[in-house]
Amino acid sequence: MKMKVFLTVLLSATMANVAFAQETSREIWSKKKAAKWYKQHTWQRGANFIPSYAINQLEMWQASTFDTAVINRELGYAAGIGMNSMRVFLHHAAWEQDREGFKQRMNTYLDISDRNGISTTFVLFDDCWNNTYTTGQQPAPKTGIHNSGWLQDPGIRRETSPALTDTLELYVKDVLTSFGKDKRILLWDLYNEPGNSNYGNKSMDLLQKVFVWARQVPVEQPVSAGVWAKNLTDLNTFQLNNSDVITYHNYADEKEHQQVIDSLRKFGRPLICTEYMARTRGSRFQNIMPLLKKEKVAAYNWGLVSGKTNTIYAWDTPMKDGAEPSVWFHDIFRQDGTPYSAEEVTTIKTLTGGH
């Protein structure tokens with residue numbers, strides 16, 4: 001039943017009015033242009049990357065904790081199994097704190113990534129997990145709790161500080177102006193899971209604004225925001241009708257994942273799965289990655305190296321004693337580069353041609 005509801009949402013989106021996008025400075029890419037762009041790239045496959053030393057985006061990007069040695073080592077693990085792209089979250093507070101330094105660190109990250117043969121999809125905003133942020137030293141992980149320190153961006157402050165919108169616009173336009181022609185960047189993922197954390201349609205205003213801001217900058221990469229929840233009808237409709245390429249999340253088994261792919265094909269645009277792989281929910285490398293390759297869908301699983309995010313633990317199954325779960329929820333490697341599952345790594349290498 002839930003799949004039928006999701007398909008209905010997608011079909012209604014195909015018929016929705018797309019006048020909004022036409023009012024912006026740059027129109028949505030044509031389907032032909034999107035297809036041409038996609039064909040210029042080999043099959044993009046990788047992970048959502050947060051280095052193991054970081055509990056959240058601020059700890060990754062702030063000057064005092066930005067660790068190039070760890071980033072290089074862990075991207076090397078990815079390259080070693082044939083991954084060639086990473087999805088990486090930014091945070092406007094790190095930019096606001098140190099604008100030029102933040103962009104220099106972005107450039108440093110892109111240099112390291114490029115040396116490892118890895119492209120980058122950057123994420124600008126996010127509605128997931130903790131709704132407030134503080135710059136400076138970040139909290140220690142809560143024992144056995146998934147993503148205990150991950151940050152929304154901008155979070156609840158958008159409701160209490162209207163002036164924040166001006167800052168966010170400057171942030172988006174500065175970052176996109178600085179990197180909008182950078183060949184190391186594959187895609188701009190403008191907003192991760194809008195409507196999550198019970199925001200619902202309260203996220204629509206910022207979602208619309210970030211698309212306007214992005215299209216007022218002459219970026220050469222496509223822009224998108226991925227659909228992720230069947231019940232967010234208005235947000236889904238907007239996202240699907242205003243993205244240059246279609247991005248989506250799915251943590252279900254191969255049968256449901258195939259149905260979602262089939263439904264999204266109706267939009268006639270390249271497909272990129274920006275989140276999958278939750279072992280205890282039936283989304284594994286062995287059953288989903290071959291499907292995505294067969295369907296020519298770019299693929300980003302959640303998690304690379306187990307670290308402060310605690311994403312080896314499931315969303316809804318905390319382990320108060322901090323014991324290692326018998327089945328990891330996300331992530332591929334331990335910090336020393338040892339894989340959680342040698343069998344999985346063999347599967348990945350077989351699909352990627354990694355050595």
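What you see is a predicted model; the values in this text were computed from it and never measured.
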Looking at F125, is R158 sitting on its ring face, NZ or CZ under 6.0 Å from the six-membered ring centre and within 45 degrees of the normal? no

Using modelled atom types only, decide if a donor and an acceptor are shared between the side chain of [X] and the backbone of [Y] within a distance under 3.5 Å.
X    : Y    : result
Q44  : A298 : no
Q152 : W129 : yes
W61  : F89  : yes
N192 : C128 : no
T352 : I348 : yes
E74  : S52  : yes
K293 : L351 : yes
R184 : T120 : no
S203 : G195 : yes
D234 : N201 : no

Check this for me, if you would: do [X] and [Y] make a salt bridge, where the nitrogen-to-carboxylate-oxygen distance has to be below 4.0 angstrom?
X    : Y    : answer
R105 : D98  : yes
E275 : R87  : yes
K308 : E59  : yes
D111 : R115 : no
R99  : D174 : no
R73  : D336 : no
K33  : E27  : no

In a check of side-chain hydrogen bond (donor to acceptor under 3.5 Å, both in side chains) between D262 and each of Q258, R265, Q259, which one passes? Q258

Might you confirm whether atom CD of E343 has over 12 heavy atoms from other residues, nucleotides or ligands at distances under 6.0 Å? no

Assess, by modelled atom type and distance only, whether the side chains of Y133 and H92 contain a donor and an acceptor separated by less than 3.5 Å. yes

Can you tell me if Q239 and Y191 form a side-chain donor-acceptor pair at under 3.5 Å? no

Applying salt bridge (charged side-chain N to carboxylate O under 4.0 Å, His left out), which residue pairs with at least one partner in residues 243-252 are found, sequence neighbours left out? R26-D244, R215-D244

Which class fits the ring pair [X] and [Y]: parallel under 30°, tilted 30 to 60°, perpendicular over 60°?
X    : Y    : value
W95  : Y171 : tilted
Y251 : W315 : perpendicular
Y276 : H257 : perpendicular

Closest heavy-atom pair, S85 versus S119, reported as atoms and distance to 0.1 Å, is OG-OG, 2.7 Å

Atom CZ in F238, atom CE in M204: separation rounded to 0.5 Å? 7.0 Å

